[in-house]
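Keep in mind it's a predicted model, so treat the numbers as computed, not measured. When a ligand or atom number is given, it counts from 1 through the structure's own listing order.
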Amino acid sequence: MSNITVCARFRPLSSRERSNHGDSVCVHGIDTETFVFKDEKEEDFSFSFDRVFYEKSEQVEVYEFLVLPIVQDAVNAINGTIITYGQTGAGKTYSMEGPSVLECDELKQGLLQRAANGLFECIKSTEGSVKHTIKLSMVEIYMEKVRDLFDLSKDNIQIKESRVQGILLSGVTEIAISGPADALQRLSSGIANRAVGETQMNMASSRSHCIYIFTIQQELAKEKRVKSGKLVLVDLAGSEKVEKTGAEGRVLEEAKTINKSLSALGNVINALTCGSPGKTNHIPYRDSKLTRILQDALGGNSRTALLCCCSPSSSNASESLSTLRFGTRAKHIKASPRPLCNEDHYAKNHGASHATKDDSMERILNK
Ligand code: ADP
Ligand code: MG
């Protein structure tokens, strides 16, 4: 059992924050793990995380600390999940995608591009002995509906649970990826589909949760086994409070739905961390699509990392404090990932007679 990795990242001051005279930087770094945060009332709060990335930190530092170890495990059939959390404008998407998935200089490449490269680097080192296949799916959760970003006609994907493979998205498009360049093209087309949705529905990307799923399958021909690992990256919707946004109508409905799913995430984290030893308490995964999809990641069978993204400005101090408190609670979640050895899948693909009907074990859990 190990705790999930929780890091904080402060972006540089935005030009608006810089030009606003009332604004000041409210983060005072002590070292790479600890800082003092000053709230609007000048009260000091001390925080410590597995690592703190201050405004000058580079994308590669975040990748190497938070994501690379999880990428290396995913290739060995251990599931991994990386989540970015924080208010709108705090740097979640920048951390994930960089300024743009396709067109950005290497230095600014986000966790997504680096993870895709990393996966292919890792499998290169095992070439010859094991056959790997990498597939990509992309979905977003908008107004409690899971939409397939590779096929917009699939706009209400059901969440199922399989005995062998854990939580699954029923019928989601999975695209086989041939290499890092192909991965970037596919990611970019999925993200563009998200943008199409935006203009049609007049929604900003920060109003939905975006989930990138890489499935890495290893065929161990000698042992007649297929092992698979999932690497899931989640760019959450903005965590700001509804009252502050002055929202009305549809925007208010969106904000309420987001707050509900992020509250559900907070409740799951509370339930996971507040249980008394030896007792299994109820974990409310089913309270939202987000928590259902993240059940494996939070419930133990995944290596999980959380990046709490914050503005360094005093004008956003209360939202940043709430993000940092969320991260502090999450530090206490324990995880014990186990490799998934999906023998049934191999058997089915190779016509063996002992194939078990894993599919029949699937139950539709969310209507
Ligand atoms: P979010 O996804 O949390 O709503 P974004 O990632 O879109 O926020 O970031 C908001 C703005 O701040 C963007 O213009 C982005 O380019 C910029 N930004 C965020 N983080 C950084 C960073 N670490 N370095 C430079 N610019 C950043
Ligand atoms: Mg964003």
- Query: Judging by distance only, is a nitrogen or oxygen of Ser95 under 3.5 angstrom from one on ligand 1?
  - Reply: no

- If you measure from each non-hydrogen atom of Gln87 to ligand 1, which part falls under 4.0 Å: side chain, backbone, both or neither? backbone

- Message: Met138 and side-chain contact (heavy atoms from CB on, under 4.5 Å): which single residue from Leu233, Asn193, Leu187, Thr173 fits?
- Response: Leu187

- Contact bool for atom 21 (C) of ligand 1 (protein heavy atom, d < 4.0 Å): yes

- Do Lys145 and Asp155 have side chains that get closer than 4.5 Å, going by heavy atoms? no

- Proximity of Pro12 to ligand 1 by residue part, where a heavy atom lies under 4.0 Å: side chain

- Note on the structure: Nearest non-hydrogen protein atom to atom 12 (O) of ligand 1, with distance, is Arg11 CD, 3.9 Å

- Are any of the N or O atoms of Tyr94 closer than 3.5 Å to those of ligand 1? yes

- Query: Is there a donor-acceptor pair under 3.5 Å between the side chain of Lys289 and the backbone N or O of Glu144?
  - Reply: yes

- Query: With ring centroids as reference points, do Phe326 and Tyr85 lie under 6.0 angstrom apart?
  - Reply: yes

- Pull out every atom of ligand 1 sitting under 4.0 Å from any heavy atom of Thr88, numbered as shown with elements. 4 (O)

- Under 3.5 Å between some N or O of ligand 1 and some N or O of Gly89? yes

- Query: Any idea which protein heavy atom is nearest atom 7 (O) of ligand 1, and the distance to it?
  - Reply: Thr93 CB, 4.2 Å

- Sub-4.0 Å protein heavy atom near atom 25 (C) of ligand 1: yes

- Task: Tell me yes or no: between the side chains of Ser311 and Asn316, is some donor less than 3.5 Å from an acceptor?
- Result: yes

- Mind checking whether Phe35 and Phe47 have ring centres under 6.0 Å apart? yes

- Are any non-hydrogen protein atoms located under 4.0 Å from atom 10 (C) of ligand 1? yes

- Message: Looking at ligand 1, is there an atom of it that comes within less than 4.0 Å of some heavy atom belonging to Arg9?
- Response: yes

- Task: May I ask you to list the atoms of ligand 1 that are less than 4.0 angstrom from any heavy atom of Ala90?
- Result: 1 (P), 3 (O), 8 (O)

- Can you find a heavy atom in the side chain of Lys38 that is under 4.5 Å from one in the side chain of Phe45? no

- Message: Do Glu161 and Gln295 make a side-chain contact, defined as non-hydrogen atoms from C-beta onward lying under 4.5 Å apart?
- Response: yes

- Query: Got a sec: is Thr93 within less than 2.8 Å of the Mg ion (ligand 2) via an N/O/S atom?
  - Reply: yes

- Item | Lys331 to Phe49 six-membered ring, cation-pi geometry met (6.0 Å, 45°) | yes

- Message: Hydrophobic clustering (ILVMFWY, side-chain heavy atoms < 4.5 Å, transitive) - are Ile333 and Ile283 grouped together?
- Response: yes

- Item | Heavy-atom protein neighbour under 4.0 angstrom from atom 14 (O) of ligand 1 | no

- Protein contact to atom 8 (O) of ligand 1 [nearest heavy atom, distance to 0.1 Å]: Gly91 N, 3.1 Å

- Mind checking whether Lys92 has an N or O less than 3.5 Å away from an N or O of ligand 1? yes

- Message: For Ser14, state whether at least one heavy atom is located under 4.0 Å from any atom of ligand 1.
- Response: no

- Does the side chain of Leu169 reach to within under 4.5 Å of the side chain of Ile293, using non-hydrogen atoms? yes

